[in-house]
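What follows is a set of notes on a single structure, which appears directly below.
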Amino acid sequence: RKSVGALLALFFVMGAGVAQAQFGAYGTYSASRLSGMTCLDPQGKCSSQNGDVNTTGGWGGLFYDFRSYGPVRFGVDGRGGEGHSNKSAVSSAGGADATATQNVLAGVRASFHTPVKILKPYVEVAAGWGRSNVTEPFGATSSSSSIVPPRQYDHFLEYEGFAGVDLRIFPIMDLRVIELGIGNMNRLGSGNGASSVGIKSAGIGVVFHLPAS
C-alpha cells in the first residue's frame, strides 16, 4: 500500500501542468501460478504434487505514452509488486510466506483506440529483476531450538508479457477490468531445485491518468 501511494504521489508531481493523457499510474491485485518447481521433500510429499504453487499480491506502476501511429499509441511502463502463498511446491511445510516473490519490471506498451471509446485494450512486454524463495527448501529445525532458520532467497531474471483492457469510468480514472500475463523467471547464480520458473497471472485494478485534451 505504501508503494502504491508513493507511485501515485510521483504521478501527480510529474503530471502537473500537462494537458494530455500521457502519464498514468495504476494499482492492481493479481493471482499468479508459478510452475516448474522440483519437490525437495525427502519423502516426496510436497504441498503441491504438480510442481506449481499459486500466489496472490499487489502491483503498482507508472506509464508514459509518447507516440501515436494511427490507432496505436506507444509508451513505456515500469511496475513493481509482490506475491505470497502459505503453501510450497518444494516442501511439505507451509505457513505465512511459505512462498514469496518480489519483482521490478520495465518495458514497452501499446494501447489501441477502438470504436467504443471507453474501452482501451493494451499489450506490454517487460523484463527485470525478481527475488523469491519459490525453489528453495525450508531450513531444518535445530535439535536444541524450535526456531527454523530463514529460507534462502534467489535472484532471477524475469520477463513477462501482458495483455489487458481498461474501461474509462471518469475523466481521470479507468477500471482495469482484466490483465493477463505469461512469462518466466530464470535464476541468477546457484541455488536449489529448478532454475527456471514459469509464470501465469490474472489481475484487476484501477488506473489514474491525466484527462485527455
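Starting from 1, each residue takes its place in the sequence as its number. Hydrogens, waters and symmetry mates play no part in the numbers below; they use all other heavy atoms, side chains included.
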Can you get from [X] to [Y] by hopping between Ile, Leu, Val, Met, Phe, Trp and Tyr side chains that sit under 4.5 Å apart?
{"X": "Val123", "Y": "Val165", "value": "no"}
{"X": "Ile118", "Y": "Ile169", "value": "yes"}
{"X": "Met173", "Y": "Leu119", "value": "yes"}
{"X": "Val177", "Y": "Val116", "value": "yes"}

Could you walk me through whether Val125 and Tyr159 pass the side chain to side chain contact (heavy atoms under 4.5 Å, CB included) test, one step at a time?
CA-CA 8 Å; Val125 178; Tyr159 49 91; over 6 Å; no
If you apply the rule side-chain hydrogen bond (donor to acceptor under 3.5 Å, both in side chains), what do you find for Thr28 with Arg176, and how did you get there?
CA-CA 8 Å; Thr28 62; Arg176 183 153 290 180; over 6 Å; no
Below 4.5 Å, heavy atoms only, C-beta onward: do [X] and [Y] meet side chain to side chain?
{"X": "Leu62", "Y": "Asp77", "value": "no"}
{"X": "Tyr26", "Y": "Asp174", "value": "no"}
{"X": "Gln22", "Y": "Leu210", "value": "no"}
{"X": "Gln102", "Y": "Tyr153", "value": "yes"}
{"X": "Leu105", "Y": "Trp59", "value": "yes"}

Is Arg79 salt-bridged to Glu179, cutoff N-O under 4.0 Å?
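The answer is yes: the pair qualifies as a salt bridge.
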Heavy atoms only: give me the nearest [X]-[Y] pair and the separation to one decimal.
{"X": "Pro121", "Y": "Thr114", "answer": "CD-CG2, 3.5 Å"}
{"X": "Arg187", "Y": "Ala194", "answer": "NH1-O, 3.0 Å"}
{"X": "Ser190", "Y": "Gln152", "answer": "O-NE2, 4.5 Å"}
{"X": "Trp129", "Y": "His155", "answer": "NE1-ND1, 3.0 Å"}
{"X": "Ile178", "Y": "Tyr122", "answer": "O-OH, 4.3 Å"}
{"X": "Gly51", "Y": "Ala89", "answer": "C-CB, 4.1 Å"}

I need the single residue from Ser32, Ser132, Ser201 that forms a side chain to side chain contact (heavy atoms under 4.5 Å, CB included) with Thr55. Which is it?
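Checked Ser32, Ser132, Ser201 against Thr55; only one passes side chain to side chain contact (heavy atoms under 4.5 Å, CB included): Ser32.
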Could you tell me whether a side-chain N or O of Ser88 sits under 3.5 Å from a main-chain N or O of Thr99, the two making a donor and an acceptor?
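Pair absent, no side-chain N/O of Ser88 close to backbone of Thr99.
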Gap between atom [atom2] of [Y] and atom [atom1] of [X] - 0.5 Å precision:
{"X": "Asp154", "Y": "Thr101", "atom1": "CG", "atom2": "OG1", "result": "12.5 Å"}
{"X": "Asp52", "Y": "Asn54", "atom1": "CG", "atom2": "CG", "result": "6.5 Å"}
{"X": "Lys200", "Y": "Ser30", "atom1": "NZ", "atom2": "OG", "result": "15.5 Å"}

Linking Ile, Leu, Val, Met, Phe, Trp and Tyr by side-chain heavy atoms under 4.5 Å, what else ends up with Val197?
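So far as hydrophobic clustering goes, Val197 is joined with Leu34, Met37, Leu40, Val53, Val90, Val134, Phe156, Met185, Ile199.
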Run the side-chain contact (heavy atoms from CB on, under 4.5 Å) test against Asp41 and tell me which residues pass, sequence neighbours left out.
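Per chain and number, Asp41 pairs via side-chain contact (heavy atoms from CB on, under 4.5 Å) with Cys39, Gln43, Lys45, Cys46, Ser92.
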A quick test of your reading: do over 12 heavy atoms of other residues, nucleotides or ligands sit less than 6.0 Å from CG of Leu167?
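Above 12, so yes.
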Do you know which of Asn103, Asn184, Asn186 makes side-chain hydrogen bond (donor to acceptor under 3.5 Å, both in side chains) with Glu158?
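Testing each of Asn103, Asn184, Asn186 against Glu158, the sole residue satisfying side-chain hydrogen bond (donor to acceptor under 3.5 Å, both in side chains) is Asn103.
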Partners passing ring-ring contact (aromatic ring centres under 6.0 Å, His included) against Phe74 (at least two apart in sequence or in another chain):
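Phe74 satisfies ring-ring contact (aromatic ring centres under 6.0 Å, His included) with Tyr69 only.
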